[in-house]
Undergrad: 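Structure in structure tokens, see below.
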Amino acid sequence: MKPTYESPIIKKLNAGMMNKFGSRTEYTPVKFIDNVAVADLMDQYGSPLFVISEKTIRQNYQKAVKAFKMRYPKVQFAWSYKTNYLDAVCQVFHQEGSWAEVVSGFEYQKALRNGVPGNLIIFNGPDKSKEDLMMAIENRSLIHIDHFDELFMLVEILEEKKDMKARVAIRINMDTGVYPQWDRFGFNYENGQAWNAIVKIIAQEKLQLEGLHCHIGTYMLTANAYVVAAHKMCELALAYANTTGKNIKYLDMGGGFCSSNTLKGSYLQGSDIIPTFNDYAEAITNTILQFGFRPDKLPLLILETGRALIDEAGYLLGTVLATKRLADGRRATILDTGVNILFTSFWYNHRVSPAQDFTLHAEETALYGPLCMNIDSIRESIILPILKKDDRIVIHEVGAYNMTQWMQFITLRPNVVMIDTSEKVHIIRKQETINTVVDCEIVPEHLK
Ligand SMILES: *Cc1c(COP(=O)(O)O)cnc(C)c1O
């Protein structure tokens, strides 16, 4: 007899169960950031509040630079503006010696306003207008060409600009053994496009090919991908030298190093599985050093690492608005920190700490933001001590991408403060007011 059909079911795994580390995640409250009291910060600057530690930025930057400089003689970092382009943050990186790496005309202007000399700005990205390119040519910036249409546009512009040349590199994408492959930016290595772009540039007297660039992905969990990438970059540099008798001045290996945040779905904490700066540096510099360049002809190594340098320096402070029980009995905690300002909660299980003493009891809870939208979930499941209305929390590692990808949705963006290296607090971006929004709006006469 034919059995009756029963539709299959998909059952959600019960997260938050005991694992080999036990079930608790937080053992002590976080009451201070760089010795400044969290409670004082929130009393003075409001809630929610972004806090950036200048000390942590500098420490992380110096650690990263050291990892590379110990192994390779010519190293230059360029700060990835889109990761966090608050001027104060950029200035810390520039003071430390970073160039600027920008991906739009807007970011380019920001770098100029920050006093970065034009020749120390790297202009990446698929969207550069004719005006952007003219500005970059005049300022002697490094233009990293993304596609043939951009290459042709440059040739056209230079025809008009009689006595000018452009300093260029090409962005190269390639198979590094990490999938999905990022092949939408730049010219592909395996299918010959990259070499084709290079010979087209060689044929143009007014295009000076100075470097080769790749940015193979983001949050790369294996340093070995950079071995593959660096090797392919060196192959192209060698082919260029053999064809022209000239050397490529720099290899720009892009960014993509992990921060110690924990990706959603990861069993282990991010900090337990990510490669260190030393691992990445070893992978990249060994490949270049062993490739066979003459010691006096080693290319400059440029790095554009973003999230790994800034994530840990950023905190988001928030307040409990309410608590409730969901239909299935689970605890839910509603915070004033939503996905509108914490975009990365779509990818990460951010660590959340209570900011005041708590009792021993801990319970699984869902953390929601304040938006009247179902997507506004900060953690679907986290074991936390019992939080009650007006309690405060600290969300960790929010320095990368949140202060650029945040959206003005339902509510306004909050203050951002920086704690300097002598533990003084500065507002570096003022909280928005209703005027920030309505000043851009225009109501037609007949609707007034
Ligand atoms: C975004 C970006 C970076 C920085 O990437 P991270 O993953 O944050 O290190 C560097 N270079 C380019 C071209 C980028 O687009």
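Keep in mind that what you see is a predicted model, and the values were worked out from it rather than measured. Just so you know, these numbers use all the heavy atoms, side chains as well, and skip hydrogens, waters and symmetry mates. The first residue in the sequence is number 1, and the count goes up from there. One-based numbering, in listed order, for ligands and for the atoms of each.
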Undergrad: Check whether any N or O atom of Ser80, backbone or side chain, sits under 3.5 Å from an N or O atom of ligand 1, and answer yes or no.
TA: no
Undergrad: What heavy-atom pair brings Ala197 and Leu151 nearest, and what distance separates the two atoms?
TA: O-CD1, 4.1 Å
Undergrad: Specify the protein heavy atom at minimum distance from atom 8 (O) of ligand 1: its residue, its atom name, and the distance to 0.1 Å.
TA: Tyr401 OH, 2.5 Å
Undergrad: Heavy-atom distance to atom 5 (O) of ligand 1: which of Met253, His213, His215 wins?
TA: His215
Undergrad: In the protein, what heavy atom is nearest to atom 7 (O) of ligand 1, and what distance, to one decimal place, separates them?
TA: Thr218 OG1, 2.5 Å
Undergrad: As a quick check of understanding, evaluate salt bridge (charged side-chain N to carboxylate O under 4.0 Å, His left out) for Arg351 and Glu397, giving each step before the final call.
TA: CA-CA 8 Å; Arg351 186 182 148 211; Glu397 294 200 69; over 6 Å; no
Undergrad: Filter on side-chain hydrogen bond (donor to acceptor under 3.5 Å, both in side chains), then keep only pairs touching residues 238-250, sequence neighbours left out; what's left?
TA: His144-Tyr250
Undergrad: Can you pull out the closest protein heavy atom to atom 14 (C) of ligand 1? Residue, atom name and distance to 0.1 Å, please.
TA: Lys82 NZ, 2.8 Å
Undergrad: Just distances here: any N/O of Gly254 and N/O of ligand 1 closer than 3.5 Å?
TA: no
Undergrad: Is ligand 1 less than 4.0 angstrom away from at least one heavy atom of Arg171?
TA: yes
Undergrad: Which residues satisfy the ring pair (Phe, Tyr, Trp, His ring centres under 6.0 Å) test with His147, sequence neighbours excluded?
TA: none
Undergrad: If you take the nearest heavy atom of each of Glu304, His144, Met220, Arg307, which one is closest to atom 10 (C) of ligand 1?
TA: Glu304
Undergrad: Please confirm whether Gly256 comes under 4.0 Å of ligand 1, counting heavy atoms of the residue only.
TA: yes
